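For reference, the structure discussed in these notes is given below.
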Amino acid sequence: MLTKNTNKIYIAPSILSANFAKMGEEVNHLEKCGADFIHIDVMDGVFVPNITFGIKMVKDIAPFSNLVLDTHLMIVEPWKYVEQFAKAGSHYITVHYEACKEKLAETLDLIKSFGCKCGLVINPDTPVENVENCIEKCDIVLVMSVFPGFGGQAFIPDVIKKISQIRKIINNLNKDILLEVDGGINFDNCKAVKEAGANVIVAGSTVFNAKNRAEAIEKLRNN
Ligand code: DX5
Ligand code: ZN
């Protein structure tokens with residue numbers, strides 16, 4: 001059963017799984033296929049063992065869709081780049097607790113100071129207790145259901161408990177904070193993720209490997 005504040009489900013395809021050589025087209029196609037967010041996985045090869053794209057990618061794709069640009073910073077010292085990602089057109093900027101640690105609260109405030117919605121991200125092995133006191137500052141909380149760095153990994157089922165735990169915290173705060181889950185989500189595990197309380201679903205390979213992306217997005221939203 002869905003807990004409160006999770007009526008509307010948003011689907012956020014990750015462009016990590018898109019064809020980088022035609023990213024504008026891919027983003028425009030996602031809008032036509034009914035996506036709600038574009039999930040932009042920024043990786044620096046230091047915080048995670050992979051490198052993707054950066055500020056200019058956000059700037060270049062922004063004119064290709066009216067969707068929410070959801071920038072997930074998997075980088076070290078993210079506070080140094082918040083202004084540039086904000087000015088490039090990000091609507092949401094999420095930063096990892098594991099990269100910010102004691103600078104998390106001030107980094108969330110910094111994101112907001114540039115007019116963006118802010119969010120924290122926790123890895124599968126980070127306890128909710130480490131970030132509980134910062135959740136109130138967030139517009140979105142992103143729970144990783146894989147260890148960050150690559151698309152196409154297997155979903156970590158233990159994360160379901162954390163999703164429910166954070167959903168309870170958000171509901172008690174009585175603030176409209178989105179709960180996003182990211183990594184390994186497919187047609188088999190999506191229902192459990194939503195029932196645990198997630199209302200933003202990131203999907204890279206499930207959407208981009210589908211024969212029909214619009215159907216895949218609908219299936220993730222409604223099944
Ligand atoms: C992993 C990224 C995820 C990933 C999702 O570090 O943060 O957004 O791209 O891809 P799938 O849905 O294929 O696991
Ligand atoms: Zn991501």
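When a ligand or atom number is given, it counts from 1 through the structure's own listing order. These figures come from a predicted structure and were not determined experimentally.
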Review point. Which of the atoms in ligand 1, numbered in the order shown and given with their element, are less than 4.0 Å from a heavy-atom of Val202?
Key: 8 (O)
Study note, to complete from the structure: Quick look: Pro148 vs ligand 1, heavy-atom contacts under 4.0 Å, and the answer is both
Check your understanding: With a cut-off of 4.0 Å, which atoms of ligand 1 are near a heavy atom of Ser14?
Key -> 8 (O), 9 (O)
Check your understanding: Is there at least one pair of N or O atoms, one from Gly204 and one from ligand 1, spaced under 3.5 Å apart?
Key -> yes
Exercise for review: Assess whether side chain to side chain donor-acceptor pair (under 3.5 Å) is satisfied between Asp41 and Ser14, documenting all intermediate values.
Suggested key: CA-CA 7 Å; Asp41 280 316; Ser14 160; 2.6 Å; yes
Review point. Can you list the atoms of ligand 1 that are under 4.0 Å from a heavy atom of Ala203?
Key: 12 (O)
Exercise for review: Give the residue and atom name of whichever protein heavy atom lies nearest to atom 13 (O) of ligand 1, and the separation in Å to one decimal.
Suggested key: Ser205 OG, 2.4 Å
Check your understanding: What heavy-atom pair brings Pro78 and Ala99 nearest, and what distance separates the two atoms?
Key -> CD-CB, 4.1 Å
**Study point:** For Gly184, atoms of ligand 1 separated by under 4.0 Å from a heavy atom
**Key:** 11 (P), 12 (O), 14 (O)
Revision key, fill the gap. Separation between NZ (Lys103) and CD (Glu77), nearest 0.5 Å, reads 8.5 Å
Point to revise | Heavy-atom closest contact (Leu67 atom, Glu31 atom, distance) | key: CD1-CA, 3.7 Å
Practice item. Check the side chains of Asn28 and Lys32 for a donor-acceptor pair under 3.5 angstrom, ignoring hydrogens and angles. Key: yes
Practice item. Output, in order, the C-alpha distance, side-chain angles, deciding distance and verdict of salt bridge (charged side-chain N to carboxylate O under 4.0 Å, His left out) for Asp70 and Lys117. Key: CA-CA 9 Å; Asp70 168 29; Lys117 301 247 186 210; over 6 Å; no
Check your understanding: Counting each atom of ligand 1 from 1 as listed, which ones have a heavy atom of Gly152 under 4.0 Å away?
Key -> 11 (P), 13 (O), 14 (O)
Check your understanding: What N/O/S atom of Asp41 is the closest to the Zn ion (ligand 2)?
Key -> OD1
**Study point:** Tyr10 six-ring centre to Lys8 NZ/CZ under 6.0 Å and within 45° of normal
**Key:** yes
Point to revise | Angle subtended at the Zn ion (ligand 2) by OD2 of Asp182 and NE2 of His39, nearest 10° | key: 90°
Check your understanding: So, does Phe147 sit close enough to ligand 1 that a heavy atom of it is under 4.0 Å from the ligand?
Key -> no
Review point. So, Lys191 and Glu195, do they make that salt bridge, N to O below 4.0 Å?
Key: yes
Check your understanding: Among protein heavy atoms, which sits nearest to atom 10 (O) of ligand 1, and what does the distance come to when rounded to 0.1 Å?
Key -> Gly151 CA, 3.6 Å
**Study point:** Enumerated ligand 1 atoms positioned under 4.0 Å from heavy atoms of Met43
**Key:** 6 (O)
Check your understanding: Should you measure from each heavy atom of His72, which atoms of ligand 1 turn up under 4.0 Å away?
Key -> 7 (O)
Point to revise | Atom name of the N, O or S atom in His72 that lies nearest to the Zn ion (ligand 2) | key: ND1
Check your understanding: Any N/O of Thr206 closer than 3.5 Å to an N/O of ligand 1?
Key -> no
Check your understanding: With a 3.5 Å cut-off and no angle check, do the side chains of Asn186 and Thr206 form a donor-acceptor pair?
Key -> no
Check your understanding: Would a distance-only check, ignoring hydrogens and angles, find a side-chain to backbone donor-acceptor pair under 3.5 Å from Thr126 to Ile122?
Key -> no
Exercise for review: Determine, for Arg213 against Glu26, whether the closest basic-nitrogen to carboxylate-oxygen distance falls under 4.0 angstrom.
Suggested key: yes
Point to revise | Residue pair Glu132 / Gln165, side-chain donor-acceptor N/O under 3.5 Å | key: no
Practice item. Looking only at distances, please establish whether an N/O atom of ligand 1 is found under 3.5 Å from an N/O atom of Asp41. Key: yes
Check your understanding: Counting each atom of ligand 1 from 1 as listed, which ones have a heavy atom of Gly183 under 4.0 Å away?
Key -> 14 (O)
Exercise for review: Looking only at protein heavy atoms, identify the closest one to atom 6 (O) of ligand 1 and say how far it is in Å.
Suggested key: Gly149 N, 2.7 Å
Check your understanding: If hydrogens are left out, which of Asn123, Asn209, Asp182, Ile185 has an atom nearest to atom 4 (C) of ligand 1, that is, the closest non-hydrogen atom?
Key -> Asp182
